[in-house]
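First comes the structure, then the notes that go with it.
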2 protein chains.
Amino acid sequence: MLKIGKLADYALVLAEYLGSTGRIVAISELSQETHIPLATVRKILLRLSQNGIVYSYRGVNGGYELAKAASSITVVEILEAMEGPLSITECVSTGSECKISKYCNLQRGWCSINEKIFSILSRTSLSDL
Amino acid sequence: MLKIGKLADYALVLAEYLGSTGRIVAISELSQETHIPLATVRKILLRLSQNGIVYSYRGVNGGYELAKAASSITVVEILEAMEGPLSITECVSTGSECKISKYCNLQRGWCSINEKIFSILSRTSLSDL
DNA sequence: AAGAATCAATACCATATTGGTATGCTATAG
DNA sequence: CTATAGCATACCAATATGGTATTGATTCTT
Ligand code: SF4
Ligand code: SF4
């Protein structure tokens, strides 16, 4: 339980590779080096790019590079870029509409746990992994 | 992201109710009080019972009660009873078979994060929620 | 012994999510 | 101009999930 998705998982792998090289890397190279299927890499990098995690360059010699140093990118940033805001329960994210929330008094507790997990994930940088 | 399932979520609600009463409670009452559909309550309690979280009693005046005091049941116990072992990535659970694990060097990092999350969830008791 | 209450176990289904793929379009270096 | 490489979107198959239904077993009460 509480698994992150495969795409998010691979995103970290890809980001780690980007960080390790420091240069602009094309999707084809990323796929070859990480053994993640090309089309999947494409999808992941697009999301990361749209969320400002990486910069993209088109055209010949284009590719991707990290937007920040690997040591200052947090794990939670990448995870949230891939899968949306961290929320362990429905009621944690603002605008929750759990059917029984009216009668449930655990929201506080979950909120607190959510914060703690967020804290862990935000204190771990890409280079820490 | 990182949401727990609805059934696990409800399991905590039900367990909290059981803890708050301290007596043996029938499914019908649990459903009425928590506003969780009867058939769903049945399914959840069965799993909790099979995993030793609650004791069950059949026959007239039967029902369920917590197997331990609410203050000594941890959140992670209930979550794992409902959704299996906590593992943030595939490689964390022993016997992982991620396709690229051979070329991935993030296992260590994830394992460490997994332990930290486990620690949070195991330091929170049912009554803390 | 009978009958009602109550849990056990399993099977079933509809829907949502996920992982993964394909394709045509746009931008840029040279 | 053209080859390269990312952008955007649509699509699909497989799985997981939430939720429901049904039949059987057990126990209390009378
Ligand atoms: S309100 Fe209670 S039940 Fe609904 S999501 Fe929040 S915690 Fe879970
Ligand atoms: S091996 Fe790397 S990619 Fe595979 S699951 Fe573990 S972390 Fe994710």
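Order of the sequence lines fixes the chain letters, A, B, ..., with proteins taken first and strands second; residue numbering starts at 1 for each chain.
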When you measure from the side-chain N and O atoms of [X] to the phosphate of [N], is any distance below 4.0 Å, counting only OP1 and OP2?
X      : N       : value
K43(B) : dC12(C) : no
K99(A) : dG19(D) : yes
S56(B) : dA8(C)  : yes
Y10(A) : dT18(C) : no
Y57(A) : dT26(C) : no
S49(A) : dG6(D)  : no
N61(B) : dT29(D) : yes

Which part of the nucleic acid, if any, lies within contact of [X], taking any heavy atom under 4.0 Å across all strands shown: a base, the sugar-phosphate backbone alone, or nothing?
X      : answer
G59(B) : base
A39(B) : base
L38(A) : nothing
Y55(A) : nothing
L45(A) : nothing

Specify the separation, in whole Å, of atom [atom1] of [X] and atom [atom2] of [N].
X      : N       : atom1 : atom2 : value
L46(B) : dG24(D) : CG    : C1'   : 14 Å
I44(B) : dA9(C)  : CD1   : P     : 17 Å
D9(B)  : dG19(D) : CG    : C1'   : 15 Å
L48(B) : dA9(C)  : CG    : P     : 14 Å
E90(B) : dT18(C) : CD    : C1'   : 13 Å
K6(B)  : dT17(C) : NZ    : P     : 11 Å

Between E115(A) and S112(A), does any side-chain donor sit less than 3.5 Å from a side-chain acceptor?
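The answer is no; no qualifying pair exists.
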
For the residue pair R123(A) and S119(A), confirm or rule out a side-chain donor-acceptor distance under 3.5 Å.
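Yes, side-chain donor-acceptor contact under 3.5 Å.
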
Would you say R108(A) has more than 12 foreign heavy atoms packed within less than 6.0 Å of its CZ?
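No, because the 6.0 Å sphere around CZ of R108(A) holds 12 heavy atoms or fewer from other groups.
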
Minimum-distance nucleotide to R58(A) side chain [options: dT26(C), dA8(D), dG24(D)]:
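From the listed options, dT26(C) comes nearest.
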
Which residue lies more 5' along DNA chain C, comparing I4(A) with V60(A) via nearest heavy atoms
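Taking each residue's closest nucleotide, the earlier one in sequence belongs to I4(A).
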
Using a strict threshold of under 4.0 Å (side-chain N to carboxylate O), is an ion pair present between E90(B) and K99(B)?
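E90(B) and K99(B): not salt-bridged.
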
Is Q50(B) close to L46(B) at the side-chain level, that is, under 4.5 Å between some pair of heavy atoms?
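Heavy-atom side-chain distance check passes, below 4.5 Å.
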
